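Below is one structure, written out as structure tokens; comments come after it.
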Amino acid sequence: MTTTDLIIIGSGPGGYRAADYAAKNGLQVIIFEALEAGGTCLNCGCIPTKCLAHDASKEEKPAFEQVMARKNEAIQQLKAGVETLLSQPNITLVHAKASFKDAKTIVANGEEYAAKYVIIASGSQAKVPPIEGIVYNPHGNSNVLTSTELLSIDHIPEKLCIVGAGVIGMEFASAFAQFGSQVTVVEFMKECLPTFDSDIAKRLRKCLAKTDIQFYLQAAVKKVENGKIYFEQKGKEQCVEADTILIATGRAANIEGLNLDAAGIAYDRKGILVNDNMETSVSGIYAIGDVNGRQMLAHAATFQGMRAINHILGKDDHIRFDIMPAAVFTYPEAACVGKTEDACKAENIAYKTKKGYYRANGRALSIEETEGMVKLITDEEDKVIGCHVYGAHAAELVQEVSALMNLNIKLNQLKDIIHTHPTLGEILQDIAIG
């Protein structure tokens, strides 16, 4: 049996960053990866999707085969970087699927491993709902795809129907509409991006609709038959035709095959249950990232991993998981952090909102990006508790506010922070001054 200080299952952003951080703090680490280093985010998620979004936004678009080739080059370059990071002293990367034999033993490739601490970072996979007529075969010729298969497609679909208008659905809708696909989005909820501020989501949807994306909201898909998607909207049955169907109805924690029951690790339909230190029901075993279902974001996984390592090392930290920025890389972008107006109302939080618009900003005018809005939300003590943006570089604007929120900044303090001219950041300052 091989023994070490720490075993990590999965080498996505949570796993590989935790391994690096642990190794730099003197722990001997063995990290297992069943597929490819870098996990979903790098190989078939965040990074390749952003490559497509970037090329789709170009005025003169490259040939689609060039788009996919550049995407693959970016993945390979970053994957090589992850593998180099995981080859440093104190870290051993094992390309194998790992599972629990018991709470103290991991099995991979028929060999047994043991460690005082284990971090499960096995990520998630696309959920495919049980809709009549949907035939999903990731290794076959089905026209029903998840984001993984669509990122490897060798042509631009003529008619693309996307089931689900969350972050994944909206990013693909934006990109492929710009590439020339006729895009239809069918969403069960009353608005796209249900986790975003509804005001921002509505404005972004209307902006994307101008690119001829057809949205059907409050629509329940009933069946798929002969290239047609049948759905019910407000009691009326409708259908759309598509040669390619993207299922973008969320992701499910990768817990199958881990043999969690043998280790006594508690879990539910959302994922592995953890406390605020990311520790599971079994002392010394942690679960981070998508597999615990708390916040399915790559950067959330990274910082959950750091929290777990800090707990192992007995170190305190000041990571604020209640301040978690997020972005959707459509064109234009949208991003958010903190409380939405809907959440404030639901939680009976006294709040105020202030808005600023790109069209009044010199930088936005100079780069011809005048479509956009910034919304700041403050509590009754003037503390900034939320920021919601759609427009160019929305993610960067939200990141600035995220940093300030970690310092519990008040709007009155934001107005005194000097911003470079001309920048989009001046929209924030104008809101604070106004």
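Not measured: the values here are computed from a predicted model. Basis for what follows: all heavy atoms, side chains included, without hydrogens, waters or symmetry-related copies.
When atom types are taken as modelled, the side chain of Lys354 and the backbone of Ile431 share a donor-acceptor pair closer than 3.5 angstrom. Remark: the backbone N or O of His54 is paired with a side-chain donor or acceptor of Ser57 at under 3.5 angstrom. Side-chain atoms of Gln295 never come within 3.5 Å of backbone atoms of Leu297 as a donor-acceptor pair (strictly under, hydrogens ignored). The main-chain N or O of Val398 is never found under 3.5 Å from a side-chain atom of His388 such that the two would form a donor-acceptor pair. Although no hydrogens or angles enter the test, the distance criterion places no donor-acceptor pair under 3.5 Å between the side chain of Glu232 and the main chain of Ala219. The backbone N or O of Ala37 sits less than 3.5 Å from a side-chain atom of Asn43, completing a donor-acceptor pair. In this structure, the side chain of Gln233 engages the main chain of Leu217 through a donor-acceptor pair within 3.5 Å. Panel note: side chain Ser181, backbone Leu160; no donor-acceptor pair is recorded below 3.5 Å. Under the 3.5 Å distance criterion, the side-chain polar atoms of Tyr358 are matched with a main-chain donor or acceptor of Ala392. Side-chain atoms of Glu33 never come within 3.5 Å of backbone atoms of Ala96 as a donor-acceptor pair (strictly under, hydrogens ignored).
Ion pairing between Arg320 and Asp322 holds under the 4.0 Å rule for side-chain N and carboxylate O. A salt bridge does not link Asp5 to Lys116: none of the charged nitrogens lies less than 4.0 Å from a carboxylate oxygen. With respect to Asp199 and Lys355, a salt bridge is recorded, a charged nitrogen being found less than 4.0 Å from a carboxylate O. Note on Arg294 versus Asp276: salt bridge recorded, some NZ/NE/NH1/NH2 to OD/OE distance being below 4.0 Å.
Across Glu187 and Gly166, no two heavy atoms sit closer than the pair OE1-N, 4.3 Å. Between Ala165 and Pro194, the shortest heavy-atom contact is O-CD, 4.3 Å. Closest heavy-atom contact between Asp290 and Met296: OD1-CA, 3.1 Å. Nearest heavy atoms, Ile288 versus Ala308: CG2-CB, 4.3 Å. Across all non-hydrogen atoms, the minimal contact from Thr330 to Met170 is CG2-O, 3.3 Å. Of all non-hydrogen atoms in Asn90 and Leu27, the two that sit nearest each other are CB-O, 3.5 Å.
Here the side chains of Thr49 and Phe329 are not in contact, with every heavy-atom distance at 4.5 Å or above. With a 4.5 Å cut-off on side-chain heavy atoms, Ile31 and Ile91 count as touching. Residues Leu273 and Thr280 have side chains not in contact (no heavy-atom distance under 4.5 Å, counting atoms from C-beta outward). Side-chain contact between Gln304 and Arg307 is absent, with no heavy atoms from C-beta onward closer than 4.5 Å. Side-chain contact between Thr148 and Ser152 is absent, with no heavy-atom pair separated by less than 4.5 Å. Between Lys375 and Val389 the shortest side-chain heavy-atom distance does not fall below 4.5 Å. Put simply, the side chain of Val185 reaches to within 4.5 Å of the side chain of Val183, judged on heavy atoms. Looking at heavy atoms from C-beta onward, Met373 lies in side-chain contact with Ile200 at the 4.5 angstrom threshold.
The side-chain hydrogen bond (donor to acceptor under 3.5 Å, both in side chains) search around His419 returns Glu400, not counting sequence neighbours. Glu149 meets the side-chain hydrogen bond (donor to acceptor under 3.5 Å, both in side chains) test with Tyr136, Thr146; sequence neighbours excluded.
Distance CD1/Ile367 to CG/Leu424: 5.0 Å, rounded to 0.5 Å. Taking CD1 from Ile30 and CD1 from Ile106, the interatomic distance works out to 10.5 Å, rounded to the nearest 0.5 Å. Rounded to the nearest 0.5 angstrom, Ser147 OG and Ile168 CD1 are separated by 4.5 Å. Arg70 CZ to Glu65 CD: the interatomic distance, rounded to the nearest 0.5 Å, is 14.5 Å. Leu35 contributes atom CG, which lies 8.5 Å from atom OG of Ser11 (distance to the nearest 0.5 angstrom).
Lys97 and Asn109 share no donor-acceptor pair across their side chains, judged by distance under 3.5 Å alone. Counting only N and O atoms by type, the side chains of Glu341 and Tyr351 include a donor and acceptor under 3.5 Å apart. Judged purely by distance below 3.5 Å, without hydrogens or angles, the side chains of Gln178 and Asp55 never pair a donor atom with an acceptor atom. Side-chain N/O atoms of Asp342 and Ser198 include a donor and acceptor closer than 3.5 Å. No side-chain N or O of Tyr230 forms a donor-acceptor pair with one of Glu132 less than 3.5 Å apart.
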| said: Apply side chain to side chain contact (heavy atoms under 4.5 Å, CB included) to residues Tyr113 and Met1 and explain how you reach the verdict. | reply: CA-CA 5 Å; Tyr113 300 79; Met1 179 183 290; 5.6 Å; no
| request: Please test Phe303 against Phe321 for ring-ring contact (aromatic ring centres under 6.0 Å, His included), starting from the C-alpha separation and ending with a verdict. | output: CA-CA 8 Å; Phe303 280 87; Phe321 289 106; 7.5 Å; no
| request: Check the pair Phe196 / Tyr390 against ring-ring contact (aromatic ring centres under 6.0 Å, His included), numbers first and verdict last. | output: CA-CA 11 Å; Phe196 277 58; Tyr390 89 98; over 10 Å; no
| query | Glu191 and Lys202: salt bridge (Lys or Arg N to Asp or Glu O under 4.0 Å), yes or no, with the steps? | reply | CA-CA 7 Å; Glu191 188 52 87; Lys202 181 179 180 180; over 6 Å; no
| task | Run the numbers on Met278 and Asn292 for side chain to side chain contact (heavy atoms under 4.5 Å, CB included), then give the verdict. | result | CA-CA 8 Å; Met278 307 304 140; Asn292 67 33; 3.9 Å; yes
| query | Going through the checks in order, is the side chain to side chain contact (heavy atoms under 4.5 Å, CB included) test met by Met405 and Lys383? | reply | CA-CA 8 Å; Met405 285 174 62; Lys383 186 173 73 173; over 6 Å; no
Using residues 71-80 as the side-chain source, report each donor-acceptor pair under 3.5 Å to any protein atom, sequence neighbours left out, with the distance given to one decimal.
| unit_1 | atom_1 | unit_2 | atom_2 | d |
| --- | --- | --- | --- | --- |
| Lys71 | NZ | Leu151 | O | 2.6 |
| Asn72 | ND2 | Met68 | O | 3.2 |
| Lys79 | NZ | Glu36 | OE2 | 2.5 |

Show which side-chain atoms of residues 252-267 pair as donor or acceptor with protein atoms under 3.5 Å away, not counting sequence neighbours.
| unit_1 | atom_1 | unit_2 | atom_2 | d |
| --- | --- | --- | --- | --- |
| Asn254 | OD1 | Gln125 | NE2 | 3.2 |
| Asn254 | ND2 | Ser122 | O | 3.0 |
| Asn254 | ND2 | Ser124 | O | 3.2 |
| Asn259 | ND2 | Phe100 | O | 2.8 |
| Asp261 | OD1 | Tyr267 | OH | 3.2 |
| Asp261 | OD2 | Tyr267 | OH | 3.4 |

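Residues in residues 9-29 take part in no ring pair (Phe, Tyr, Trp, His ring centres under 6.0 Å) pair, two or more places apart or across chains. A side chain to side chain donor-acceptor pair (under 3.5 Å) check over residues 153-171, counting only residues at least two apart or in different chains, returns the pairs Lys50-Glu171.
Ring geometry for Phe176 versus Phe64: interplanar angle of 30 to 60°, hence tilted.
His311 has its ring centre less than 6.0 Å from the ring centre of Tyr286.
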